[in-house]
Amino acid sequence: MSNFGAIIAGTGSSLPKRILTNDDLSKMVETNDEWITQRTGIKQRRVASEGETTASLATDAARKALDAAGVRAEDLDLIICGTITPEMVFPSTACFIAKELGLNNTPAFDMSAACSGFLYAMDVGASYVRSGRYRNVLVIGAETITRITDYTDRGSCILFGDGAGAVVLQRHEDPTRGWQYGSLYADGNGWEMLYCPPGSRNPVTKEMIEKRGQYMRLQGREVYKFAVTRFEELIEDALAKCNLTHDQVALLVPHQVNQRIIDSAVSKLGFPSEKVFVNIDKYGNTSAASIPIALDEAMRAGRLKVGDVVLFVAFGAGLTWANAVVRI
Ligand code: UT7
């Protein structure tokens, strides 16, 4: 048992203004609103315009989280950004965010765990706070996933949107409040299910671009099967490890991957749908940003109060998967 709690002192989110509807997509690839809605639950997604970047969305979300927490940027001890669409290959997106917040000696780094990126980052941030090393840690999930989306591939381009969400984790004297439990997993054997080729193995060349190799590749059906199984396991694991029943969980905030995946897992486990936070219809899958955006919307809608237990589950490229239990 840790000496300190790591509470969520404030949340924030940021979404690009530009909306891409299913009807818009039906003019770009052979698809239609009915297919996308039935197979995914998505009606529209947000797309970053020129000048909007992962770091700019992240910084906007961070400022709102700092405001909500009543914490000044100068009082941050650490910044962690979960992203797979960084501002640049290097330096880290977190360094750009720190600069925008006016900081010049606060440690900052990125975590790459795809759609599990925010839960990985929160787990690490909470460890620093609970150990007593840091008092205020800014944890962000931010993506401009549409920048690596192939808008000629109907199997993937309908799914993704851009955005950012942030939380301020803060030391609290009561360890029964805040982050309570989390587990992190990875299995690189499944990397081919979802990946984006450019990098050391595939330096960017003219030939790569000609074959559209700069964009992500997705085996949707395979990820679907993986996600349904993992989703159920992650929920059951969190409940068992924390000695919780469904009734004691105020809200389940899953990675917004696909309405059908969420429905199938929660109905199998008998989790009431009104306790599951879903906003995939508005934003699509925003990868590492999806959980903190959903959490921020839930907080601002008054869905959570002090003492409530929130359960988070995520899975994504890597393969990676993770869960977390937080007492607000
Ligand atoms: O967060 C991690 C990243 N997220 C994911 O990896 C998403 C996980 N996977 C999924 O959400 C689903 O697998 C998809 C939404 C991607 C696809 O749904 P599905 O029910 O698994 O469809 P499917 O891939 O089995 O395709 C069914 C049919 C195929 O046609 P045939 O072969 O049956 O004639 C596809 O070619 O639907 C066709 N299809 C489409 N039709 C209209 C695939 N994409 C589209 C489309 N519009 N956009």
Side-chain angles (χ1 to χ4, degrees), residues 20-46 82-85 111-120 141-163 165 184-188 190-197 215-234 253-266 278-281 283-294 312-323:
L20 187 68
T21 65
N22 291 349
D23 286 338
D24 295 334
L25 278 166
S26 71
K27 293 176 195 124
M28 297 158 71
V29 285
E30 207 182 319
T31 191
N32 55 72
D33 176 48
E34 193 190 349
W35 191 96
I36 302 172
T37 306
Q38 277 178 4
R39 300 275 177 150
T40 70
I42 302 167
K43 297 296 287 181
Q44 60 180 50
R45 65 290 290 141
R46 300 295 180 99
T83 186
I84 48 163
T85 46
M111 296 204 73
S112 173
C115 303
S116 313
F118 177 77
L119 292 190
Y120 264 63
E143 306 279 14
T144 46
I145 209 94
T146 64
R147 298 258 155 86
I148 57 161
T149 298
D150 183 352
Y151 284 98
T152 65
D153 174 19
R154 69 174 183 174
S156 63
C157 74
I158 55 148
L159 295 169
F160 297 98
D162 301 332
L184 308 175
Y185 303 92
D187 179 6
W191 71 271
E192 277 179 298
M193 280 189 213
L194 179 51
Y195 67 101
C196 192
Y215 296 121
M216 79 163 94
R217 295 182 186 173
L218 167 69
Q219 296 172 16
R221 245 304 99 189
E222 295 309 306
V223 179
Y224 190 102
K225 287 185 254 168
F226 159 77
V228 170
T229 318
R230 290 291 178 241
F231 199 135
E232 290 166 20
E233 287 171 8
L234 287 165
V253 181
H255 167 48
Q256 306 290 307
V257 55
N258 180 320
Q259 181 80 55
R260 276 158 64 215
I261 295 175
I262 297 171
D263 288 347
S264 98
V266 297
V278 177
N279 60 8
I280 192 169
D281 52 321
Y283 308 131
N285 179 347
T286 57
S287 182
S290 93
I291 286 182
I293 291 171
F312 300 93
V313 288
F315 24 74
L319 300 167
T320 57
W321 58 107
N323 62 11

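Because the structure is predicted, anything quoted here is derived from the model rather than measured. Just follow the structure's listing: the first ligand is 1, and inside any ligand the first atom is 1.
Here Arg260 has side-chain heavy atoms under 4.0 Å from ligand 1, and that is the only part of it that gets that close. Using a 4.0 Å cut-off between heavy atoms, Leu194 contacts ligand 1 through its side chain alone, with no backbone atom that close.
Taking atom 21 (O) of ligand 1 as the reference point, the nearest protein heavy-atom neighbour is Arg221 NE, 2.7 Å. When only non-hydrogen protein atoms are considered, atom 1 (O) of ligand 1 lies nearest to Asn285 ND2, 2.8 Å. Regarding atom 47 (N) of ligand 1, its nearest protein heavy-atom neighbour is Thr31 OG1, 2.7 Å. Here the protein heavy atom with the shortest distance to atom 6 (O) of ligand 1 is Leu218 CD1, 2.9 Å. Summary of contacts: the protein heavy atom closest to atom 35 (C) of ligand 1 is Arg154 NH2, 3.9 Å. Atom 7 (C) of ligand 1 has as its closest protein heavy atom Leu159 CD1, 3.8 Å. Remark: minimum distance from atom 15 (C) of ligand 1 to any protein heavy atom is reached at Thr40 CG2, 3.5 Å. Considering only non-hydrogen protein atoms, atom 14 (C) of ligand 1 sits nearest to Asn258 ND2, 4.6 Å.
Residues Leu218 and Ser156 share a closest heavy-atom pair of CD2-CB, 3.8 Å. Between His255 and Phe315, the closest heavy-atom pair is CD2-O, 3.6 Å.
For atom 2 (C) of ligand 1, the nearest non-hydrogen atom from the set Cys115, Ala288, Ser116, Ser26 belongs to Cys115.
Ligand 1 has His255 within reach: a non-hydrogen atom of the residue lies less than 4.0 Å from it.
Each of the atoms 1 (O), 4 (N) of ligand 1 lies under 4.0 Å from some heavy atom of Val257. Taking a cut-off of under 4.0 Å to the non-hydrogen atoms of Gly155, the atoms of ligand 1 that pass are 16 (C), 44 (N). Within the listing of ligand 1, atoms 42 (C), 47 (N) sit less than 4.0 angstrom from a heavy atom of Glu30. Residue Arg39 approaches ligand 1 through these ligand atoms, each under 4.0 Å from one of its heavy atoms: 19 (P), 20 (O), 22 (O), 27 (C).
For atom 31 (P) of ligand 1, no protein non-hydrogen atom is found at a distance below 4.0 Å. For atom 39 (N) of ligand 1, a protein heavy-atom neighbour is found at a distance under 4.0 Å. Inside a 4.0 Å radius of atom 9 (N) of ligand 1 there is at least one protein heavy atom. The nearest protein heavy atom to atom 19 (P) of ligand 1 is closer than 4.0 Å.
Counting heavy atoms from C-beta outward, Phe160 and Ile148 have side chains that stay 4.5 Å or more apart. For the pair Asn22/Ile158, no side-chain contact is recorded, criterion being any heavy-atom separation below 4.5 Å from C-beta on.
Listed for the Glu143 side chain is no donor-acceptor partner under 3.5 Å among the backbone atoms of Thr286. Distance alone, capped at 3.5 Å, places no donor-acceptor pair between the Thr149 side chain and the Cys157 backbone. Side-chain atoms of Asn285 do not come within 3.5 Å of backbone N or O of Asn258 as any donor-acceptor pair. For the pair Thr85 (side chain) and Thr144 (backbone), a donor-acceptor distance under 3.5 Å is present. Without hydrogens or angle criteria, Arg45 side chain to Leu20 main chain gives a donor-acceptor distance under 3.5 Å. A donor-acceptor pair is defined here as one N or O able to donate and one able to accept, closer than 3.5 Å; such a pair exists between the side chain of Asp162 and the backbone of Ile145. Side-chain atoms of Ser290 come within 3.5 Å of backbone atoms of Gln256 as a donor-acceptor pair (strictly under, hydrogens ignored).
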>> Working note: Val29 + Asp153, criterion side-chain contact (heavy atoms from CB on, under 4.5 Å); need CA distance, chi angles, decisive distance, verdict.
In response: CA-CA 7 Å; Val29 285; Asp153 174 19; over 6 Å; no
